[in-house]
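Below: one structure, written as structure tokens.
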Amino acid sequence: MSRAGAVLPGEPVAIAPDVFWVGALDPDLRQFDIILRTANGTSYNAYAVRGSEGVAVIDTVKAEFAEDFFARLWSCCRPDEIRAIVLNHLEPDHTGALPALLKAAPQASLYLSYPALKMLKGLVKESLDEARIIPVDEDTRIDLGGRTLRFLHTPYLHWPDTQCTWVEEEGLLFSGDVFGCHFCDSRLFNDCVGDFRFSFDYYYQHIMRPFREHVLTALDLIEPLPLRLLAPAHGPILRDAPTSYVRRYRQLAAPLLANEAGGREKTLLVFYISAYGNTERMAQAVRNGAEGVEGVRVSMYDLAGGDPGPFVDLIEEADGLVFGSPTINGDAVKPVWDLLSSLTLVKVKGKFGGAFGSYGWSGEAVGLVEDRLRGLKLRVPRPGVKVKLIPTDDELESCAALGRELAEHLVGRVAPRHIDFTAPNALTA
Ligand code: FEO
């Protein structure tokens, strides 16, 4: 293939000496995994590495594209030459051709991470000789003869079993989904394809961002490598300035918003939306209660005046979240759900959360929001406050107590609760 040429059907593409791309192109895909939009389709990148002692296959392709994969693979090796099949993670878009490959190369061993062992049975339904399955870790070496494969433990990028495979002689990292993107261009290499920067960032934001802490840990492993070529599982092969993509991940994983509290204070965000001003008054009381706790910076936002995107960026950095919603037709209102449904993009597990709201008839919103917060693995340390229509002074004091108690949790000073079980609404106010 020329520098700017296109991949041809059935032809493998050399990406380094004796290292070949044997993947498949899927230019017509417009939605991946239901959640990702793919204006340019995608590619399923699989690779073959030839050493003097045999061949390793790194990942496979989605099942529908197995024919393309095998046509390319058998153009660069015979089935009986394959010694190793390496899976960087087990998601079906990279393991669809695995069962057929295992059959075609019965002498080959299957190398995968320890967490992947538990998933393998769900993937390969036919019985598999256990002697063929070899879990690997950072100390494992596969010597193909002049080509040595090593492994980087990079869990949750973006599956629990994710690892990257390093070819030390070539400075080549088979990075799985890491540094990948959904961008199909048959010119294949980053210095030949169209501008894919938006796809690269979009992929990070939707696939990697929820696991930011794991990204940072993985970058600590990857940055010291003498990297000359990055070969991800989707999108362009990054041969021109590969380390710039590593640096871009470092930038993307940095906080999007500078935290003016500078880590000296805990941050509590109060989000609300109000139909008649009642939930708004409750929000103000929650804020006032929280502001009385030293070491907590409180911010309040009306969801009627903002989009979820910037709020999600704020939430990623915050320590605590409180949501105020009226109940309309037995539910919290759409702007609240829009924001809550966006929180799968960031890590919120372990933050403190709470809810409050005014209602006319039944007041389900508070409980539903609390359930959602718990579902997102937030800690909801006390029941929220729901108020029928206009809040009384006592009810506003309950809101202030909610804010105060959440703030005390944030700074680790939790006042003991005194509950009068004879009082009406003892556990809801
Ligand atoms: Fe491209 Fe996580 O599969």
Side-chain angles (χ1 to χ4, degrees), residues 21-47 57-66 68-69 72 85-99 101 110-120 122-124 151-165 173-185 188 190 193 196 198-215 217-219 222 230-238 245 249 252-253 344-345 347:
W21 176 83
V22 293
L25 302 178
D26 187 359
D28 299 324
L29 188 79
R30 290 294 173 268
Q31 211 167 39
F32 186 91
D33 265 5
I34 307 167
I35 54 169
L36 280 188
R37 304 185 73 183
T38 52
N40 299 75
T42 194
S43 58
Y44 310 104
N45 296 334
Y47 303 93
V57 177
I58 317 294
D59 291 327
T60 75
V61 299
K62 198 173 178 181
E64 298 96 292
F65 295 86
D68 290 6
F69 163 73
R72 290 196 170 95
I85 300 167
V86 174
L87 299 178
N88 278 334
H89 78 306
L90 265 56
E91 196 166 8
D93 55 325
H94 307 294
T95 50
L98 177 66
L101 181 59
L110 182 61
Y111 294 87
L112 32 65
S113 69
Y114 279 88
L117 284 176
K118 293 181 219 136
M119 301 182 184
L120 189 62
L123 192 71
V124 179
F151 301 94
L152 272 60
H153 183 53
T154 54
Y156 294 101
L157 298 184
H158 63 125
W159 269 28
D161 59 323
T162 300
Q163 62 179 0
C164 297
T165 301
L173 188 68
F174 295 115
S175 56
D177 285 337
V178 191
F179 308 116
C181 64
H182 292 310
F183 190 88
C184 181
D185 189 317
L188 218 57
N190 65 324
V193 301
F196 63 100
F198 75 95
S199 297
F200 187 87
D201 283 15
Y202 179 82
Y203 191 88
Y204 174 87
Q205 296 295 354
H206 287 80
I207 299 291
M208 301 297 166
R209 185 179 176 185
F211 307 102
R212 188 173 71 167
E213 288 169 18
H214 295 281
V215 170
T217 305
L219 288 174
I222 293 167
L230 261 179
H234 294 290
I237 295 165
L238 309 170
Y245 296 91
Y249 256 47
L252 290 167
T344 51
L345 294 176
K347 180 175 177 253

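Computed from a predicted structure; not experimentally measured. Ligands are counted one by one from 1 in listed order, and the atoms in each one are counted from 1 as well.
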Quiz item: From Asp93, does some N, O or S atom reach closer than 2.8 Å to atom 2 (Fe) of ligand 1?
Solution: no
Quiz item: So, Tyr202 versus Phe196, ring centres under 6.0 angstrom or not?
Solution: no
Quiz item: Is atom 2 (Fe) of ligand 1 less than 2.8 Å from an N/O/S atom of His94, whether that atom is in the backbone or a side chain?
Solution: no
Quiz prompt | Closest approach to atom 2 (Fe) of ligand 1 by His158, given as the N, O or S atom name | solution = NE2
Exercise. Return yes when at least one N/O/S atom of His89 is nearer than 2.8 Å to atom 1 (Fe) of ligand 1, and no when none is.
Key: no
Quiz item: Do you see a donor-acceptor pair shorter than 3.5 Å between the side chains of His158 and His214?
Solution: no
Exercise. Determine the minimum heavy-atom distance between His234 and Thr42, stating which atoms define it.
Key: ND1-OG1, 3.4 Å
Self-check item: For atom 2 (Fe) of ligand 1, the closest N/O/S atom belonging to Glu91
Solution: OE1
Self-check item: Qualifying residue, where the test is side chain to side chain contact (heavy atoms under 4.5 Å, CB included) with Asp59 and the options are Val22, Thr95, Asn88
Solution: Asn88
Quiz item: For Asp177, what is the atom name of its N, O or S atom nearest to atom 2 (Fe) of ligand 1?
Solution: OD2
Quiz item: Between the side chains of Asp68 and Tyr44, does any donor sit under 3.5 Å from an acceptor?
Solution: no
